[in-house]
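To start, the structure under review is shown below, and the notes come after it.
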Amino acid sequence: MSIRLCKYLADAGLCSRRQASRLIEQRRVQLNGAPASHISHVSSGDQVLIDGQPLPLAEPKQVWLYHKAVGVDCNLTPDKPDSLYHLLHSLPVRLHPVGRLDKDSCGLLLLTNDGELTQRLLHPDFDHPKEYLVHTKPAPVAEQLAALAAGVNWQVGPYQYKSKACRVWPAPHGFRIELTQGLNRQIRYMCRSVGLKVVFLQRQSLGDLQLGTLAEGHWRLLSTSDYHNLRLSLGLNATPADTAAAADSARA
């Protein structure tokens, strides 16, 4: 049995499938001694190298909740001191971010080595709700909040975008908003379209996972039971397939 190379890299906890595609596109992945392609499949006994190094063995799957501060760049760039790359390399297990928050935003960011879970959370077909607290200048009025809730249009270069209808409700200094989309800098563009400037933007939840009282710059490991419940809520098996396969192999 063979699986697509992107899925293989994600299941190994190296990165998300999207990031795996970038590694392949950059010709940093070799399969059996030759540069891999996007249509490559991996079978038992195949050798996969990343930058000339063997792919590390898969580690137990985990999810960490991280309170990203303003100024942390979610682009994993080793030569940038403000990159999330440096935090990830300080942790005891290899993790990748589930999506991103822009550098000027803060709040809940999931870190994991579960590629299957990452794919399910990021895929637009599943419409996972994300709640944000937004402060603006000037403070919004009822008509602006109604327009945001109904959906607005904006343009970036030659591209046109439209937000889906969403929940919006007042909060001190601004509002709260629940989105199921994940367009680049979406809330900032939405606000600009109705005459508001975002001065503070914090993601407070993703699905059932809450930022809560987690301090800025800190992180915590999701318990095993909460991790399994998260997978079940996403329509996945409680135990990742690769972990289950390893356990079956050990029993054999």
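These numbers come from the heavy atoms of this one structure, side chains and all, not from hydrogens, waters or symmetry mates.
Inter-residue side-chain proximity for Cys166 and Glu178 is flagged as unmet; no heavy-atom pair is nearer than 4.5 Å. For the pair Gln204 and Leu108, the minimum side-chain heavy-atom distance is 4.5 Å or more. With a 4.5 Å cut-off on side-chain heavy atoms, Leu148 and Phe175 count as touching. The side-chain heavy atoms of Thr118 and His96, taken from C-beta on, include a pair separated by under 4.5 Å. Taking the side chain as every heavy atom from C-beta outward, Gln62 and Tyr227 never approach each other to under 4.5 Å. In this structure, the side chains of Leu222 and Leu209 come closer than 4.5 Å at one or more pairs of heavy atoms.
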Identify each donor-acceptor pair in which a side-chain atom of residues 131-142 lies under 3.5 Å from a protein atom, sequence neighbours left out, and give them as a table.
unit_1: Tyr132; atom_1: OH; unit_2: Arg203; atom_2: NE; d: 3.3
unit_1: Thr136; atom_1: OG1; unit_2: Pro138; atom_2: O; d: 2.8

Tell me which donor-acceptor pairs under 3.5 Å the side chains of residues 180-187 have, and how far apart each pair is, sequence neighbours excluded?
unit_1: Gln181; atom_1: OE1; unit_2: Lys164; atom_2: N; d: 2.7
unit_1: Gln181; atom_1: OE1; unit_2: Gln186; atom_2: NE2; d: 3.0
unit_1: Gln181; atom_1: NE2; unit_2: Lys162; atom_2: O; d: 3.3
unit_1: Gln186; atom_1: OE1; unit_2: Leu183; atom_2: N; d: 3.1

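With sequence neighbours left out, Tyr85 forms a ring-ring contact (aromatic ring centres under 6.0 Å, His included) with His89.
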After noting the C-alpha distance and the side-chain angles of Arg188 and Asp104, does the key distance pass the salt bridge (charged side-chain N to carboxylate O under 4.0 Å, His left out) rule? CA-CA 10 Å; Arg188 297 179 188 276; Asp104 298 326; 5.0 Å; no

Begin with the C-alpha distance, continue with both residues' side-chain angles, and end with the deciding distance and a verdict on side-chain contact (heavy atoms from CB on, under 4.5 Å) for Gln19 and Leu76. CA-CA 10 Å; Gln19 291 165 333; Leu76 304 182; 3.7 Å; yes

Test log, rule side-chain contact (heavy atoms from CB on, under 4.5 Å), inputs Ser90 and Leu87: CA-CA 5 Å; Ser90 73; Leu87 167 69; 3.8 Å; yes

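Classification of Asp114 and Arg231 as a salt-bridged pair holds, one side-chain N sitting under 4.0 Å from a carboxylate O.
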